[in-house]
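Both counts, for ligands and for their atoms, begin at 1 and track the order of listing.
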Amino acid sequence: MKFFIDTANLAEIEAAHKLRLVDGVTTNPTLCSQVGCTDLTALYDHIRRICELVQAPVSAEVLSTASADMIAEAHRLAKIHEQVVVKIPMTPDGLQATRVLAREGIKVNQTLIFQPLQALLAAKAGAAYVSPFIGRLDDISQTGMELVEQIMTIFNNYGIETEVIVASVRHPLHVLQAALAGADIATIPYKALMQLINHPLTDIGLEKFLKDWQRS
Ligand code: E4P
């Protein structure tokens, strides 16, 4: 399973990249606004800087809602850097835009997927990635991971090559469940990514080994 980092924070991306934990980056308008991108020039510049940091796919989301505008925006985003993957929301207009962009060879990450048939439709439209949002389903008392399992079953049934990015990950258990479900990718916030490395028994065990060694 590939690990993407779900952040627009350059320091977090750099720190995770140094540990070789970053197979890709996903951003969204909320994450970009949190790091001070207040206009399109700042946003595009920021996306370019992320691409230069990681040499891996970087998802950048359109802000338009009409398909023609999404397509025009996707062209501008794709020109920023060859690593850019355009994030398109799962709407009727979004689906139309995905179909056109996929035919043009632009990679699309269909985002805001909350039920399995949305993922199937996005794949049929040519999306390179689909992003089911797990944590937001858990938030409303639905088991988010069931969505991932259903998408994996459908994609395996038909040999669909669209990659499944488990998104809206909140904690390490989501990452474990994503791996058990056979998802292609989990996109993980920095804090949860670091939590994957640590275990209190590792720390206690290491401390004891070193103390015992000093005593001998
Ligand atoms: C995915 O690409 C999104 O950026 C992200 O995972 C959304 O997560 P949230 O529900 O924590 O906002």
Side-chain angles (χ1 to χ4, degrees), residues 1-10 12-13 16-17 21-37 43 46-47 50-51 53-54 56-65 70 73-74 77-78 80 83-91 94-95 97-98 101 106-116 118-119 122-123 127-148 151-152 162-179 181 183-196:
M1 185 172 72
K2 286 179 262 186
F3 284 10
F4 284 10
I5 186 165
D6 194 28
T7 183
N9 182 306
L10 294 175
E12 289 182 351
I13 295 168
H17 184 55
L21 292 180
V22 178
D23 299 315
V25 180
T26 51
T27 68
N28 64 38
T30 304
L31 294 172
C32 291
S33 71
Q34 282 167 357
V35 294
C37 298
L43 176 65
H46 197 80
I47 297 294
I50 295 175
C51 291
L53 262 182
V54 297
V58 175
S59 287
E61 190 158 342
V62 296
L63 299 162
S64 321
T65 52
M70 286 182 186
E73 213 184 324
L77 284 167
I80 294 175
Q83 290 158 220
V84 168
V85 172
V86 182
K87 241 181 172 184
I88 304 272
M90 180 60 208
T91 60
L95 214 47
T98 296
L101 293 166
I106 292 178
K107 283 195 172 174
V108 170
N109 172 358
Q110 202 92 48
T111 190
L112 290 166
I113 301 268
F114 290 96
Q115 57 97 339
Q118 288 181 315
Y129 304 93
V130 288
S131 289
F133 276 41
I134 301 316
R136 294 192 194 186
L137 283 170
D138 288 354
D139 289 346
I140 58 160
S141 304
Q142 285 187 28
T143 309
M145 204 48 65
E146 277 174 10
L147 169 60
V148 175
I151 295 172
M152 292 313 299
T162 300
E163 291 190 84
V164 177
I165 306 181
V166 176
S168 189
V169 163
R170 301 275 158 80
H171 46 68
L173 188 55
H174 277 152
V175 182
L176 172 63
Q177 290 168 329
D184 302 281
I185 301 158
T187 189
I188 312 167
Y190 180 75
K191 184 173 166 236
L193 197 56
M194 292 304 119
Q195 284 176 313
L196 299 182

Any side-chain to backbone donor/acceptor pair from [X] onto [Y]? Under 3.5 Å, distance only.
X      : Y      : answer
Asp184 : Val164 : yes
Gln110 : Pro89  : yes
Gln118 : Phe114 : yes
His174 : Arg170 : yes
Thr143 : Glu146 : no

Under a 4.0 Å threshold between the charged nitrogen and the carboxylate oxygen, would Glu163 count as salt-bridged to Lys2?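 Salt bridge present between Lys2 and Glu163.
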Side chains of Thr187 and Thr26, donor plus acceptor under 3.5 Å: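 A pair is found: one side chain offers a donor N or O, the other an acceptor, under 3.5 Å apart.
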Just to confirm my output: which protein heavy-atom neighbour is closest to [atom], and how far is it?
atom                   : answer
atom 7 (C) of ligand 1 : Phe133 CE2, 3.5 Å
atom 8 (O) of ligand 1 : Ser168 CA, 3.3 Å
atom 2 (O) of ligand 1 : Lys87 NZ, 2.6 Å
atom 5 (C) of ligand 1 : Asp6 OD2, 2.9 Å

Any idea which atoms of ligand 1 are less than 4.0 Å away from a heavy-atom of [X]?
X      : value
Ala167 : 1 (C), 6 (O)
Thr26  : 2 (O)
Arg136 : 7 (C), 9 (P), 10 (O), 12 (O)

Using a 3.5 Å cut-off on N or O atoms only, is Thr27 in polar contact with ligand 1?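 In this structure, Thr27 places no N or O atom under 3.5 Å from an N or O of ligand 1.
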If we only count N/O pairs under 3.5 Å, is Thr187 in contact with ligand 1?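 Between Thr187 and ligand 1 (N or O atoms, distance only) the closest approach is not under 3.5 Å.
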